[in-house]
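A quick note: this is a predicted structure, and the numbers were derived from the prediction, not measured. The figures here come from the full heavy-atom set of this structure, side chains too, leaving out hydrogens, waters and symmetry mates.
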Amino acid sequence: MGGLSIALSYRNPIGQDSVIATAGQRSSSDVFRRVQLSLPGTWDALIGLPPDAASPTVQALGVLDVGLILTVLLFTLLVRMAKARERAQKVASSTSAELAHRSLHDQLTGLPNRDLIFDRAGHMLARSKRDLAPLAAFYIDLDNFKAINESLGHATGDHLLRAIALRRWSPVRASDTLGRVGGDQFVVLADAISINEGPDPIARKLLGAFAQPFSGLKPGTPLRVSATFGVARGQRDSAAELIRDAGIALNAAKSTAKGRCLYFEPETQTAARGRLDLELDLRMAVEQNQFVVYQPIFRLHDSSPAT
C-alpha cells in the first residue's frame, strides 16, 4: 500500500531509544499508530498512514501490509540476533580457553608452568601407585645463567630459555612433561615407559641435550651452556614431596660440582636439614650476641701463654 512508513525501535534498560530499521517515506501529515511487540526488552513499531487512508477498511488493509512487513523485519532481526549471540558465545569460549591455557603455561616459553607440573605429577603418582610402575622427577637448573644475563643481556637470556623450550628433547616422550618452574629452572616428569630401564639413561641424554650448543644467541659463535640435575625416584605421598625431593638433590649437586646429576637419598634430606638447622642456629646466635671473641696472649721469648 503506497504512502506507508514503518519505524522499528528498541528502548534499552536506561531509557534510550534506538531506531533499528525503517521502511517507507514518513510525512508530517501521516496518521501514526504505535504497536508494542512481545519480545524481550521494549520494542515498538511506529506505523505511519497517509491522511487519505481514513476508511477503517483501508487502514485495516494498511495495517495488514504493515504486519507482513514487520514479520519480515522481525524475522531478519531475530536471525541477526541469533547469529550475533552465536558469535559472542564462540568468542567467549575461545577467550575462556585462552585464559585457561595462559593460567597453566609459562608466558615466556609456552611450557607447562608450576601449577600444571604439580597437577601432572599428582596424576603420574596416582598411575604409578595403581600400576606399581616406576617414575622419576628431574629438577634442572642452568649453570651460570646469571652470568649470561649480565654479560649478554636479559633479552639473550630470555632467548636462551625459549630455545631450550623449542629444542627437540629426544629423551622426553609424549607421555612425559617438560615444564618451567621459574627463572632458569625446569622439571621433567618421566613415567614408566621412559624409565623402564631406570632413570640413568634419560639423565645422561638430558645432560647431553643441554651440552649441545645453541646457535643464534651470541653473535659470531654458538652459545654453550651446562645444567645440573637433581632426581627423585619412586612413590611419594604428594606431588609437592616428589618435586621437593628432586629440588633437594639439585641443591646438593650444585654444592659440590656443577654439570652433574645427583639422585635423592634419605641422607640427602638429613644433610640438608642439618645445614638449615645450623644456619638458623648461627643467625639466632648473632642476633642474641652469643658469640664470644677469644684471643689468647703468649710470651714472645718462650711462646708460653701469659697469665
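Enclosure of atom CG in L99 by more than 12 non-hydrogen atoms of other residues, nucleotides or ligands within 6.0 angstrom is indicated.
Interatomic distance, F264 CZ to R244 CZ, rounded to the nearest 0.5 Å: 6.5 Å. A distance of 10.5 Å separates CG of L108 from NE2 of H159, quoted to the nearest 0.5 Å. Atom CZ in F118 sits 14.0 Å away from atom NE2 in H123 (nearest 0.5 Å). Rounding to the nearest 0.5 Å places CZ of F138 at 9.0 Å from CG of D176. In this structure, the separation between OG1 on T228 and NZ on K258 is 7.0 Å, given to the nearest 0.5 Å.
Residues L189 and L178 have side chains not in contact (no heavy-atom distance under 4.5 Å, counting atoms from C-beta outward). Taking the side chain as every heavy atom from C-beta outward, F210 and I140 approach each other to under 4.5 Å. In this structure, the side chains of L161 and F186 come closer than 4.5 Å at one or more pairs of heavy atoms. You'll find the side chain of F229 stays beyond 4.5 Å of the side chain of L262, heavy atoms only. Between L135 and L242, the closest side-chain pair of non-hydrogen atoms falls below 4.5 Å. Residues L207 and C261 meet the side-chain proximity criterion, which asks for heavy atoms closer than 4.5 Å. For the pair P112 and R120, the minimum side-chain heavy-atom distance is below 4.5 Å. Side-chain contact between V181 and Y139: present, with at least one pair of heavy atoms (C-beta onward) separated by less than 4.5 Å.
S103 and N113 get closest at one heavy-atom pair: O-ND2, 2.9 Å. A pairwise comparison of heavy atoms in Y263 and A203 identifies OH-CB, 4.1 Å as the closest pair. Between G122 and A239, the shortest heavy-atom contact is N-CB, 3.7 Å. Taking every heavy atom of both residues into account, P213 and R224 meet most closely at CD-NH1, 3.6 Å. Taking all atoms of both residues into account, the shortest heavy-atom contact from A136 to V231 is CB-CG1, 4.3 Å. Across all their heavy atoms, E241 and D237 have their closest contact at OE1-N, 3.5 Å.
Taking hydrophobic clusters as Ile, Leu, Val, Met, Phe, Trp and Tyr residues chained together by side-chain heavy-atom distances below 4.5 Å, I117 shares a cluster with L250. No path of Ile, Leu, Val, Met, Phe, Trp and Tyr side chains, each step under 4.5 Å between heavy atoms, connects L116 with I164, placing them in separate hydrophobic clusters. Note on L111: it clusters hydrophobically with I202, by side-chain heavy-atom contacts below 4.5 Å among ILVMFWY residues.
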Exercise for review: Give the C-alpha distance, both sets of side-chain angles, the deciding distance and a yes or no for side-chain contact (heavy atoms from CB on, under 4.5 Å) between I248 and D245.
Suggested key: CA-CA 5 Å; I248 290 174; D245 290 349; 4.1 Å; yes

Point to revise | Stepwise side-chain contact (heavy atoms from CB on, under 4.5 Å) test for L142 and L160 | key: CA-CA 10 Å; L142 299 184; L160 172 61; 4.3 Å; yes

Practice item. Apply side-chain contact (heavy atoms from CB on, under 4.5 Å) to the pair D106 and R114, showing each step before the final yes or no. Key: CA-CA 8 Å; D106 175 54; R114 186 180 185 88; over 6 Å; no

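Although no hydrogens or angles enter the test, the distance criterion places no donor-acceptor pair under 3.5 Å between the side chain of E150 and the main chain of I148. Side-chain atoms of S128 never come within 3.5 Å of backbone atoms of M124 as a donor-acceptor pair (strictly under, hydrogens ignored). Not one N or O on the side chain of D131 forms a donor-acceptor pair closer than 3.5 Å with the backbone of A133.
No side-chain N or O of T109 forms a donor-acceptor pair with one of R180 less than 3.5 Å apart.
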